[in-house]
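First the structure, in the form of structure tokens, and then the observations on it.
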Amino acid sequence: MKRIFLQWVLVFSVYNIGVLPVAAQELGQSLDSLEVRPSLVNSRLSLPTQLTQVHVISPGEYFAPPLVADIPDDRFGDMVRMGRNIFTKTGVYAKRYAGNGLNCSSCHLQEGRKPHGIPLWAAYGRYPMYRHKTRTVVTLEERIQDCFIYSMDGIAPTLDAPEMKALVTYTKWLSKGAPVGVDLPGRGLPNVSRTQDLDPKRGKIVYETHCEFCHGKDGKGQKHTNGEGYMFPPVWGGDSYNKGSGLQRVRTLAKFIKGNMPLGASFSLTNQESLDVAIYIWLQERPRNPKMSQAMDFFFPNMAR
Amino acid sequence: MKRIFLQWVLVFSVYNIGVLPVAAQELGQSLDSLEVRPSLVNSRLSLPTQLTQVHVISPGEYFAPPLVADIPDDRFGDMVRMGRNIFTKTGVYAKRYAGNGLNCSSCHLQEGRKPHGIPLWAAYGRYPMYRHKTRTVVTLEERIQDCFIYSMDGIAPTLDAPEMKALVTYTKWLSKGAPVGVDLPGRGLPNVSRTQDLDPKRGKIVYETHCEFCHGKDGKGQKHTNGEGYMFPPVWGGDSYNKGSGLQRVRTLAKFIKGNMPLGASFSLTNQESLDVAIYIWLQERPRNPKMSQAMDFFFPNMAR
Amino acid sequence: MKSSSNIKRSLVSRLKNMSVWSMFLFLLFLSFIIFLIQSVLPISSSSHNLHRLAGEQLALNGRGNIPACVPCHGLQGQGNAGIASPRLAGLHPDYIKKQLEDYARDPLRTRAVVEPIARDYIKTPRTYGDLTVFTPGTRYDPKMNSLAKLLSAEDRHNLAIYYSNLAFVASPKAYDFETLERGEDLALRGKPEYGLPSCNSCHGPKGQGFRAIFPPLAGQPVTYIIAQINKWQTGKRDNDHLALMRNIADQLTDGDKVNVAAYYDNLSYSVNSE
Amino acid sequence: MKSSSNIKRSLVSRLKNMSVWSMFLFLLFLSFIIFLIQSVLPISSSSHNLHRLAGEQLALNGRGNIPACVPCHGLQGQGNAGIASPRLAGLHPDYIKKQLEDYARDPLRTRAVVEPIARDYIKTPRTYGDLTVFTPGTRYDPKMNSLAKLLSAEDRHNLAIYYSNLAFVASPKAYDFETLERGEDLALRGKPEYGLPSCNSCHGPKGQGFRAIFPPLAGQPVTYIIAQINKWQTGKRDNDHLALMRNIADQLTDGDKVNVAAYYDNLSYSVNSE
């Protein structure tokens with residue numbers, strides 16, 4: 001009986017690997033990355049052989065949200081500050097809803113201000129909008145609930161929760177002056193297009209070169225020594241986003257990496273590098289999608305949502 | 001026993017009249033309105049003796065919301081259309097919440113588009129905001145709930161009701177391009193300042209001259225002959241807004257009248273005329289504030305909220 | 001709902017408490033009321049018919065100096081788009097009467113000439129909120145002014161009754177989509193950014209008019225609507241309440257007039273016909 | 001929480017199921033472990049102390065050609081704002097070691113001169129995303145370059161251990177409010193509209209540094225921070241990982257440097273002191 005079960009597990013696992021969007025085994029060898037990408041050589045005393053694209057920002061190209069110092073000193077301002085606290089330290093100020101080691105600002109970089117880093121000021125005026133994921137029109141509140149369920153692997157605050165109101169108020173304050181219903185430059189994530197098939201092996205090399213420094217060899221981030229959560233957030237493992245979240249889509253993760261990683265060097269990775277590292281991260285362990293059963297998750301650990 | 005009770009009623013009523021913001025009896029005669037305002041003379045064959053202010057609108061002064069014809073043909077557009085239906089025919093499309101003969105568009109004129117007519121496009125970017133009435137930061141949804149409770153004298157839709165989502169979606173669509181958190185010209189209602197004490201007697205004359213034509217001698221509006229609700233909404237009586245609503249504040253009502261009434265002739269009444277007619281309407285019968293007990297409403301029918 | 005159920009409950013309790021005698025009295029009273037209603041109704045109806053027939057006579061054949069109405073307003077009172085003559089069929093009798101009175105009224109000889117309002121409103125749009133300039137309540141028309149003076153009050157009443165009882169079914173006409181779209185926008189929403197209310201906010205949700213005070217726009221010839229707006233703008237028509245229509249007409253561009261008239265001409269509309 | 005409580009529960013159940021014999025074995029094992037830890041700790045601690053003392057000796061008195069560190073870096077390793085000399089007390093030992101290595105390293109003679117990045121970034125701000133231009137891992141300083149070459153690997157280790165164990169308590173200095181406000185904005189939020197991340201996103205939530213990889217900014221002299229950013233911008237310092245710091249320094253204006261350095265100088269901060 002037990003042997004039959006194990007056989008089934010084996011069969012399902014093989015099947016599962018078979019339906020990966022990449023045929024990792026065949027295509028991994030099509031390119032000897034060590035020849036083309038000198039950054040993968042250990043020695044750092046070499047001369048440039050390849051110049052990648054330069055991302056130029058003109059002044060005024062992106063929306064500039066108001067300064068934190070300008071939060072008014074009234075009850076509205078209190079709500080904004082509460083929202084900002086929750087946003088930047090979710091594990092502290094929204095502990096009852098947060099389920100992992102991430103904060104809102106782990107994905108919405110620089111307190112939700114960074115263009116191409118899913119900025120809040122570009123999101124506020126877009127909701128309510130139709131979302132393909134849910135196939136309904138969702139309000140900002142419902143979108144925030146999804147963030148808590150999937151990206152934070154936690155519990156959704158109710159629509160009338162003070163935390164929810166604070167987050168919406170913070171978002172509104174941050175969007176001061178942004179037009180409603182208009183796609184602002186820098187909204188969401190940048191586009192990434194694919195030129196060749198993805199290869200998690202190349203992705204692993206990219207990860208070790210560019211990401212490991214902060215996110216750690218095991219992808220579990222780096223914690224503060226004083227126990228106050230993560231200095232650099234985990235990108236996989238039990239304390240990271242779950243399989244239902246947006247970043248678990250390879251293309252979305254690649255977009256995020258392309259537009260934001262490494263910090264201060266956005267757009268430095270090529271599209272292909274971003275996609276390769278994204279699929280490498282996609283293949284790692286993380287909490288299951290709460291909308292999917294344990295059994296499904298066991299047999300199809302990387303099934304698309 | 002009964003006599004003592006009636007005495008108390010009398011005492012309370014007198015007290016009540018005593019605390020009116022106007023001392024109607026003394027000051028009503030300070031100005032012979034028939035001399036100063038020729039519009040109050042019955043004859044309409046006279047020459048102008050006094051030119052009132054002219055309200056000039058420059059092109060581009062007010063925000064121009066998108067056209068109804070441009071509502072997209074998708075699920076978002078469906079939600080917008082549903083919201084518009086609820087907004088303009090609340091008694092039909094949100095029957096389970098509406099409590100009187102008014103629609104959302106009875107106060108938010110021209111489908112929520114009119115500057116100085118509490119336009120939606122100026123409201124969307126302002127919420128969440130601090131409200132003195134509730135002494136909390138309220139979201140747009142909570143504000144809409146208050147509209148249903150007070151102005152519509154009905155039942156508040158829950159935050160997750162489809163009607164609520166549709167209304168918020170319509171508001172967002174209407175605000176397309178309006179900046180968030182910025183006070184737009186024409187938002188809310190215009191300012192009205194008081195130069196002399198208010199007099200419901202003069203207000204009654206103004207009402208009969210300017211308002212009665214549409215809203216009827218008894219203030220109960222005019223209904224369609226086919227029974228499809230009101231052509232001109234009731235301004236008092238059982239089918240009008242209740243005593244908890246914003247328009248039950250004399251100054252707010254005066255602002256509304258000044259900025260919007262009569263239709264097509266906004267800003268034609270003077271501040272004093274608006275205030276006088278507002279206090280005249282304020283004194284009439286209407287449903288009680290649902291947050292106030294029956295007894296309180298009986299003894300202090302016009303008490304400020 | 002609440003109050004009506006209260007009334008019902010109290011009625012039932014009263015009926016229970018009443019003696020047989022008072023019950024009898026009540027039924028007597030009820031039958032008297034019913035008799036009264038029955039006797040009054042036919043009289044009023046027959047008087048109505050008399051007025052209608054007299055009006056029909058006058059409209060079809062004229063009388064003495066007075067020419068017939070049908071050459072211009074059509075045999076069924078359907079109007080004539082060619083000469084911008086309005087449909088009269090199905091209009092409110094009081095509205096018809098008032099218009100005839102206004103046609104007959106002499107404008108004041110010493111009428112003050114008020115600075116004309118800038119027509120080029122795209123450049124300098126403005127709402128003249130001055131309602132203390134009184135409308136003399138006159139309506140200028142080369143034919144109707146002299147004609148209406150010949151009518152007696154009785155004639156006006158008869159004609160109003162006759163025309164208001166005529167049936168009318170509009171035959172919607174085709175226009176290009178853009179015209180209709182713009183016309184609909186104006187008819188349903190006006191131009192809020194210029195303080196211009198929608199047509200339907202006074203003329204009824206389908207432009208079908210409202211009681212005696214707001215005439216229908218649906219079912220009126222395009223040419224008539226445009227001509228009337230022009231008259232409002234040039235001061236040749238000035239018989240509205242509180243200058244409501246004058247203020248609104250002043251803000252309409254030539255394009256607006258065409259669009260909105262086309263929109264109403266495209267509506268299906270019927271009156272007095274089942 | 002969940003997993004630790006699980007472990008606890010399973011441990012308890014195992015202990016219950018164990019026989020006395022296995023219990024005894026377990027206790028034996030436990031005491032062996034404790035013995036091991038006790039015996040190793042003093043050794044490691046004493047070796048540590050030896051390194052620390054050797055480092056102290058070198059720092060205070062120098063050796064042969066090697067001058068002492070204290071004249072520039074202060075008796076307590078607190079640095080010297082007057083000569084832009086950094087605080088060393090409480091820095092991560094690996095960081096100190098790496099810097100000394102980089103000082104000692106010879107820059108390549110055939111170093112390619114890359115077109116300098118436009119400094120006037122208010123007019124033409126740009127992020128140079130080119131990370132394939134490798135940093136040679138050198139750090140230029142007229143004094144330290146020659147000096148660091150005299151140190152052996154042992155010396156560097158000793159000095160690192162010594163300085164990393166020194167206590168330091170910052171004495172916050174007063175600055176005008178506007179400077180601090182701007183500095184805080186840069187330290188906490190960067191300039192997102194120019195793609196510039198905040199200082200604290202790498203240097204720790206209070207600028208206290210993070211492990212060996214990101215040195216502290218709090219408690220460093222203002223002059224030192226400004227001088228270092230200038231060195232990053234002019235290419236005189238080039239020893240970061242993935243050109244992270246170079247990219248960021250390239251975008252800082254002169255005002256930014258002053259503001260952010262002042263902000264960190266205004267923070268209260270202590271290390272190695274209870």
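Just so we're on the same page: letters track the sequence lines, and every chain starts at 1.
Contacts of Tyr127(A) with chain B are made by backbone atoms alone, with heavy-atom separations under 4.5 Å and no side-chain atom involved.
The greatest number of non-hydrogen atom pairs below 4.5 Å with chain B, out of Gly181(A), Gly77(A), Pro128(A), Pro179(A), is found for Pro128(A). Residue with the most contacts toward chain B among Gly125(A), Pro66(A), Ser175(A): Ser175(A) (heavy-atom pairs, distance under 4.5 Å).
A salt bridge is defined here as a Lys NZ or Arg NE, NH1 or NH2 lying under 4.0 Å from an Asp or Glu carboxylate O, and Asp146(B) with Arg131(B) meets this definition.
Distance alone, capped at 3.5 Å, is enough to place a donor-acceptor pair between the Lys165(B) side chain and the Val137(A) backbone. Under a 3.5 Å cut-off, the side chain of Lys176(A) and the backbone N or O of Val182(B) do not form any donor-acceptor pair.
Rounding to the nearest 0.5 Å places CG of Leu102(A) at 7.5 Å from CG of Asp239(A).
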